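These numbers were taken from a predicted model, which means no experiment stands behind them. Residue numbering restarts at 1 for every chain, and letters A, B, ... go by the order of the sequence lines.
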Amino acid sequence: MFRTHDCNSLRKSDIGGQVTLAGWVNVTRDHGGVIFIDLRDREGLTQVVFRPEENAELAREAHTLRSEDVIQVSGRVAARLPGTENPNLATGDVELIPSKLRILNRADTLPFPIDAEPQNEDLRMTHRYFDLRRPRLARNLRVRHRAAKATRDYLDSQGFVEVETPILSKSTPEGARDFLVPSRITPGKFYALPQAPQQYKQLLMVAGVEKYFQIAKCFRDEDMRADRQLEFTQIDIEASFVTPDDIFIVTEGMLAAIFKAALNIDVKTPFDRLTYRDAVNRFGSDKPDRRFGIELVDLGEIFRESSFKVFRSALDASGVVKAINAKGFAGITIGQADELTEIAKLHGAKGLAFIKIENGEWKSPIVKFFSEKEKTALQSKLNIEEGDCVFFGADKWQIACEVLGRLRVRIAEIQDLLGRARQRQSGSDPGAPEWDFLWVTDFPLFEWSPEENKWNAMHHPFTRPKAEDMPLFEAKKFPDVRAEAYDIVLNGVEIGGGSMRIHEPELQDKMFEALGISSEDRQSQFGHLLRALRLGAPPHGGIALGLDRLVMLICDEQSIRDVMAFPKNNRGLDLMSNSPAEVDPRQLRDLGIKLAKEKNL
RNA sequence: GGAGCCUUAGCUCAAUUGGUUAGAGCGCCGCCCUGUCACGGCGGAGGUUGCGGGUUCGAGCCCCGUAGGCUCCGCCA
């Protein structure tokens, strides 16, 4: 037996016993005579004490130990001397007096200290196996495991069956850029790694599985972000003979089970629901963070007849005038105002108008254009008080809402409305974080792509239109057609989305037509699906949740990299293994691939 | 494809307005230290200030370029 206990299990009741522990040297405290070693394994720490008078040979060897050496020690469990107990340690009442020490492996000088937060992410990624030893990341891996296990247990209890779908699959024209895998056996042809198991899970519904799920790896060859990696994991769910409510209920139950398992938190269900239109109207976002206020207020009524040209012309062009009131933000600095103006311009605004209310005075170059009536109406509608700062958006609906929505989030960060900076500074227990779950429903079915000059599916091409909007769909009033599609949002982060699918071949064909996919392409790209729909496809729908993002939020991390064992950096490089890498020319020859010459710069 | 911030010892950081030999803590090496728990004490090694160019009597600091990292926009059905 390699060890009899882990490093977090010895207690007073074990005193006098003979035990063997194994682990890493967490820290050494060498007094010249007596030497203390904190031995660490994944469960915790136990103090090991070497005394020259007990065993001079062992003590001499213990002097050579350094951080992260791997050792095995056997000996007697002893009570600590009175007054030297460590209440901060679960094993702090006892210590191990070894009679045997095996140095299993010595560690080089460490690339970075394991007990501090390294700033250099490059360095962390290069030595990822070492970084993962740090308690924070070790905890994250285990929280992730518990979340995944709770997912399987819960969905199993609801009758869902986990089915694996191919990683080597087929490229489709819609959606993200595919990762391609060349076929050796069929030269010149390629598999694609799945962006999601979307078609397979629908085909499983045709197959009569009825309730499917999978914790599935997905691949998208797009640029990365803190919450986006080339490969990521989805909790993928699909069910037959269901309505959106059925999907909502099972998702809510699953998330409650995950939060119970990971954090021992009871999540309140059912979650609130907001239509896409309301979400954008009130929060300027289809994934609103409702943990703070600053809601968007529509001012169309007030300025309909205004003599202020900027507002009036926006309204006359059937746009909107909206505003947010940042309470107590009149002290905004010039730098902050510049930054917010930049954000506004970046998202399509021509500029940013705002009013500071200081010393009872409305300070802004635009106030002089307002009538008394307009000012009074503004004051009451926005609840304007001393110290407030009001920001305006006057533009097309989409742009005005998005701009104010972005400002809203940034202002909340600047004002620290979630108290994160304070929590970090005080170092105190931040208390229970607030978990704001929200369903956003009734997404538009289509989205206009100016680049391609065509309509694209906002969710995906298999999403069904809302039944009541079918006449609009038939009439090709595409911008007005709503989809039977929904997103699940947690604290302003989109953690999942899904829809009811099209199960009628005729409707699917019309959808492809609307998306400008030729009949030939429909057959070559989606022929199998269309054929399947003709063989008794049941009504079905589902959802997919981003496991990485969900675990990131649960672990209070800022990046999904910190909840993945071996993530890639933001250029898609694995700095540890140095992938991607060149391959042997023979491998390319086998695949019938010839590299193009590098571009001359 | 674009924008912002960053890059000084193994790590985390400092270095006044451009001015002497680029410092500190931790780590590492050596010596001392018998109840610590981030043990302590003394000493030592360790630097092409990412790289290239420019301005200057003089550049870690100013300018230009470039590489890398992170964040964001585009992109992500």
Side-chain angles (χ1 to χ4, degrees), chain A residues 26-39 45-54 56 59 63-64 66-68 78 80-89 91-92 95 107-127 130 172-178 195-196 198-199 218-230 232 339 342-343 345-348 402 406 409-410 443 445-447 449-452 455-463 483 485 494 497-499 511 515 517 544 546 558-559 561 569-571 573 575 601:
Chain A
N26 198 55
V27 69
T28 66
R29 293 179 292 279
D30 186 340
H31 289 243
V34 65
I35 304 152
F36 300 96
I37 304 278
D38 286 343
L39 188 64
L45 294 175
T46 299
Q47 175 165 282
V48 181
V49 185
F50 294 89
R51 291 202 202 88
E53 66 270 23
E54 295 221 13
H63 281 301
T64 70
R66 295 292 179 272
S67 290
E68 300 306 311
R80 291 199 182 188
L81 298 185
T84 67
E85 301 88 353
N86 187 345
N88 301 319
L89 228 52
T91 60
E95 57 198 17
D108 278 354
T109 298
L110 310 182
F112 52 86
I114 205 166
D115 57 353
E117 190 63 27
Q119 293 304 300
N120 188 340
E121 200 162 345
D122 235 31
L123 192 72
R124 290 178 53 195
M125 290 304 171
T126 308
H127 306 274
F130 182 69
T172 52
E174 301 279 313
R177 194 175 296 112
D178 284 316
Q195 299 171 26
Q198 182 60 35
Q199 290 187 48
C218 305
F219 306 85
R220 294 179 190 175
D221 188 7
E222 298 289 348
D223 287 357
M224 270 144 291
R225 291 284 189 281
D227 62 353
R228 276 163 35 187
Q229 285 267 305
L230 299 180
F232 60 101
E339 187 199 337
E342 275 306 305
I343 292 173
K345 284 182 177 168
L346 194 59
H347 292 95
E402 169 156 18
R406 298 270 182 175
V409 169
R410 183 62 192 134
F443 276 83
L445 185 63
F446 295 101
E447 198 172 33
S449 165
E451 298 83 19
E452 300 167 88
W455 291 99
N456 281 338
M458 190 162 184
H459 186 53
H460 57 52
F462 318 112
T463 302
E494 179 199 325
S499 64
M511 186 67 189
L515 295 172
I517 300 172
Q558 306 298 305
S559 166
R561 290 188 297 271
N569 75 0
N570 69 1
R571 292 204 315 156
L573 309 179
L575 296 175
L601 295 174

Mind checking if A/Asp30 touches a base, just sugar-phosphate, or nothing, with heavy atoms under 4.0 Å? base
Under a 3.5 Å limit on both distances, the Watson-Crick or wobble mate of B/U21 is none
Would you please indicate if the ring centroids of A/Phe36 and A/His31 are separated by under 6.0 Å? yes
Q. Between B/A24 and B/C63, how far is it from one C1' atom to the other, in whole Å?
A. 31 Å
query = What about A/Glu117, does its side chain sit under 3.5 Å from the base of B/U12 through a donor-acceptor pair?
reply = no
Check: Touch check for A/Glu68, heavy atoms < 4.0 angstrom, all strands: base, sugar-phosphate only, or nothing?
Finding: nothing
Classify A/Glu53 by what it touches in the nucleic acid, base, sugar-phosphate, or nothing, heavy-atom distance under 4.0 Å. base
- prompt: Can you tell me how far C1' in B/C32 sits from the matching atom in B/C70, rounded to whole Å?
  reply: 45 Å
task = Report yes if at least one side-chain N or O of A/Arg29 is closer than 4.0 Å to OP1 or OP2 of B/C39; otherwise report no.
result = yes
- Query: If you look at every strand shown and take non-hydrogen atoms under 4.0 Å, does A/Asn120 touch a base, only sugar-phosphate, or nothing?
  - Reply: sugar-phosphate
Suppose you measure atom C1' in B/C64 against the same atom in B/G25; what distance do you get, rounded to whole Å?
36 Å
Checklist entry - Do A/Asp38 and B/C37 have a side chain to base donor-acceptor pair shorter than 3.5 Å? => result no
*asked:* Below the 4.0 Å mark, does B/G69 have OP1 or OP2 next to a side-chain nitrogen or oxygen of A/Arg571?
replied: yes
Self-check item: Phosphate-side-chain proximity, A/Arg124 and B/G69, N/O vs OP1/OP2 below 4.0 Å
Solution: no
If pairing means Watson-Crick or G-U wobble with both distances under 3.5 Å, then the partner of B/G58 is none
- prompt: OP1 or OP2 of B/C73 less than 4.0 angstrom from a side-chain nitrogen or oxygen of A/Arg406, does that happen here?
  reply: yes
- Query: Expressed in whole Å, how much space separates the P atoms belonging to B/A67 and B/G30?
  - Reply: 43 Å
Considering every strand and a 4.0 Å limit on heavy-atom distances, what is the contact class for A/Leu45: base, sugar-phosphate, or nothing?
nothing
- Task: Using the C1' atom on both, measure B/A14 against B/U7 and round to a whole Å.
- Result: 15 Å
**Message:** Using side-chain heavy atoms (C-beta onward) and a distance below 4.5 Å, is A/Leu110 in contact with A/His127?
**Reply:** no
Using only modelled atom types and a 3.5 angstrom limit, is any donor from either the side chain of A/Arg66 or the base of B/G27 paired with an acceptor on the other?
no
Q) Has the side chain of A/Arg80 got a donor or acceptor that lies under 3.5 Å from a partner of the other kind on the base of B/C37? A) yes
Q) Does A/Arg228 get its side chain close enough to the base of B/C76, under 3.5 Å, for a donor-acceptor pair? A) yes
**Message:** Looking at B/C70, I'd like to know if its phosphate oxygens (OP1 or OP2) sit under 4.0 Å from a side-chain N or O belonging to A/Asn570.
**Reply:** yes
Requested in this report: Have a look at A/Ser499 and say if it touches a base, only the backbone sugar-phosphate, or nothing, with a 4.0 Å heavy-atom cut-off.
Outcome: nothing
For B/A67, the nucleotide meeting Watson-Crick or G-U wobble distances (both under 3.5 Å) is B/U7
Across every strand shown, the nucleotide meeting Watson-Crick or G-U wobble geometry with B/G40 (both distances under 3.5 Å) is B/C32
request  = Name the nucleic acid region contacted by A/Gln198, choosing base, sugar-phosphate or nothing; use a 4.0 angstrom heavy-atom cut-off, strictly under.
outcome  = base
Review point. Which is true for A/Pro113 with a 4.0 Å heavy-atom rule: it touches a base, it touches only sugar-phosphate, or it touches nothing?
Key: sugar-phosphate
Inter-nucleotide P distance (B/A15, B/U8), Å rounded: 14 Å
* Asked: With a 4.0 Å cut-off on heavy atoms, is A/Ala116 in touch with a base, just the backbone sugar-phosphate, or nothing at all?
  -> nothing
* Asked: Within the structure shown, what part of the strands sits under 4.0 Å from A/Gln47 by heavy-atom distance: base, sugar-phosphate, or nothing?
  -> base
The Watson-Crick or G-U wobble partner of B/A45, with both key distances under 3.5 Å, is none
Roughly how far apart, to the nearest Å, are B/A9 and B/C13 at atom P?
11 Å
### Message
At 4.0 Å (heavy atoms only), tell me whether A/Met458 reaches a base, stays on the sugar-phosphate, or touches nothing.
### Response
sugar-phosphate
Protein heavy-atom contacts under 4.0 Å, written 5' to 3' over nucleotides 41-51 of chain B as B (base), S (sugar-phosphate only) or - (none), form the string -----------
